[in-house]
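A quick write-up on the structure given underneath.
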There are 2 protein chains.
Amino acid sequence: MPRMSQYDDDILGLLGQSTRFRGCQEIHVRLAERRPRGRRPPSLSTVYRTLYRLAQDGVLDTLQSPGGERLYRLCGTSSRHHHLLCRACGRVEDIARVEELSEVAERIGQDTGFGELDYSFELSGLCPGCS
Amino acid sequence: MPRMSQYDDDILGLLGQSTRFRGCQEIHVRLAERRPRGRRPPSLSTVYRTLYRLAQDGVLDTLQSPGGERLYRLCGTSSRHHHLLCRACGRVEDIARVEELSEVAERIGQDTGFGELDYSFELSGLCPGCS
DNA sequence: ATGTTCATGAAAATCATTTTCGCACCCTGG
DNA sequence: CCAGGGTGCGAAAATGATTTTCATGAACAT
């Protein structure tokens with residue numbers, strides 16, 4: 001559990017270039033390609049460690065891909081939101097209807113007596129460009 | 001891609017004993033324990049293959065556990081529903097509010113112009129007994 | 001019988017991820 | 001200045017779920 005990494009900025013910089021979610025492996029090869037000004041790129045282990053920590057710290061947003069891979073991107077400004085993934089091009093769109101979902105979740109909690117409710121709502125489809 | 005398996009009934013029978021979701025590994029050891037009337041229990045490969053096929057055929061319902069394991073149980077009678085998983089005891093409760101969610105999904109589709117929408121809504125919490 | 005099909009088990013292969021381990025570095029106190 | 005503790009790092013091994021490969025034998029058709 002490292003507290004910070006010399007690669008934080010590289011990773012955050014890369015993620016900042018787009019709003020797409022990316023997997024560890026992809027981030028790793030991207031950083032290796034760039035080979036930022038002579039420095040060695042981080043090892044795969046380090047990318048995993050760093051992404052894990054940044055996600056824990058709430059800096060990164062994570063999403064479980066259909067294939068079982070964990071994807072990351074910068075947290076938006078909005079406190080809580082969901083994502084709509086284009087199955088064809090991988091583009092991700094933010095979903096505005098957070099309140100509607102949290103209301104549903106709340107009602108479900110009341111229905112069932114469950115506490116400490118946590119939920120994830122993952123949408124996928126074909127974006128206008130791809131369909 | 002087998003079309004059917006001599007173990008279908010064993011697996012379906014086991015799953016029919018409870019409404020809990022179970023992983024392949026668990027099903028495999030349960031079947032091995034039972035050792036139904038002298039027959040050899042299925043191999044792990046076969047359990048995986050069979051569960052995969054049954055899920056494809058719509059006979060089984062699947063759920064992605066927080067730990068990344070795929071869990072299965074018999075499909076209920078209702079065509080579409082969601083689940084609430086107790087993080088402590090693994091119990092799963094059915095969620096009735098399907099229409100509310102599909103309405104939200106539909107509105108999202110209209111908002112964004114995405115088509116072929118598919119979604120999953122996974123809830124977890126602590127059941128009344130565990131909290 | 002001979003061939004073909006096909007589910008099966010065992011073991012190897014994958015794939016994403018985590019852990020281990022030794023090393024190099026940096027800092028701080030002596 | 002130097003020893004010692006802490007810490008990030010890379011490489012490789014370990015893990016764990018799942019998938020694939022491959023040889024086999026049973027069942028069925030010709």
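Hydrogens, waters and symmetry mates are skipped; everything else that's a heavy atom, side chains included, is used. Here is the naming used below: chain letters follow the sequence lines, and residue numbers restart at 1 for every chain.
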Between [X] and [Y], what is the shortest heavy-atom contact and its length?
X       : Y       : result
B/Ala32 : B/Pro41 : CA-CB, 3.7 Å
B/Gly16 : B/Leu74 : CA-CD1, 3.6 Å
A/Leu51 : A/Cys24 : CD1-SG, 3.2 Å

### Query
Starting at the 5' end of DNA chain D, which residue's closest nucleotide do you reach first, A/Ser45 or A/Arg53?
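Result of the comparison: A/Arg53.
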Starting at [atom1] of [X] and ending at [atom2] of [N], how long is that distance when rounded to a whole Å?
X       : N      : atom1 : atom2 : answer
B/Leu44 : C/dA7  : CG    : P     : 18 Å
A/Asp10 : D/dG8  : CG    : P     : 17 Å
A/Tyr48 : C/dT20 : OH    : C1'   : 17 Å
A/Leu31 : D/dC9  : CG    : P     : 13 Å
A/Met4  : C/dC25 : CE    : C1'   : 15 Å
B/Leu71 : D/dG16 : CG    : C1'   : 14 Å
A/Gln25 : C/dT17 : CD    : C1'   : 8 Å
B/Arg3  : D/dC28 : CZ    : C1'   : 14 Å

Select one nucleotide: of [options], the one nearest the side-chain heavy atoms of [X].
X       : options                : value
B/Arg40 : D/dA17, D/dG10, C/dA10 : C/dA10
A/Gln6  : D/dC9, C/dG9, C/dC6    : D/dC9
B/Cys24 : C/dT8, D/dC9, D/dT18   : D/dT18
B/Arg49 : D/dT21, D/dG10, D/dT19 : D/dT21

### Message
Counting the atoms with a prime plus P, OP1 and OP2 as sugar-phosphate, which does A/Arg70 contact under 4.0 Å by heavy atoms, base, sugar-phosphate, or nothing?
### Response
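Sugar-phosphate contact only.
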### Message
Would you say the ring centers of B/His82 and A/Phe121 fall short of 6.0 Å from each other?
### Response
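No, the ring of B/His82 stays outside the 6.0 Å limit from the ring of A/Phe121, centre to centre.
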### Message
By nearest heavy atom, map B/Thr50 and A/Tyr52 onto DNA chain C; which one lands nearer the 5' end?
### Response
B/Thr50
### Message
Taking only side-chain N and O atoms of B/Tyr7, does any of them lie within less than 4.0 angstrom of OP1 or OP2 on C/dG9?
### Response
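Yes, because at least one side-chain N or O of B/Tyr7 sits under 4.0 Å from OP1 or OP2 of C/dG9.
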### Query
Between C/dT8 and B/Ser43, is there an OP1 or OP2 to side-chain N/O distance shorter than 4.0 Å?
no
### Message
Side-chain heavy atoms nearer than 4.5 Å, only ILVMFWY residues, links allowed to pass through others: does that put B/Leu84 and A/Val104 together?
### Response
yes
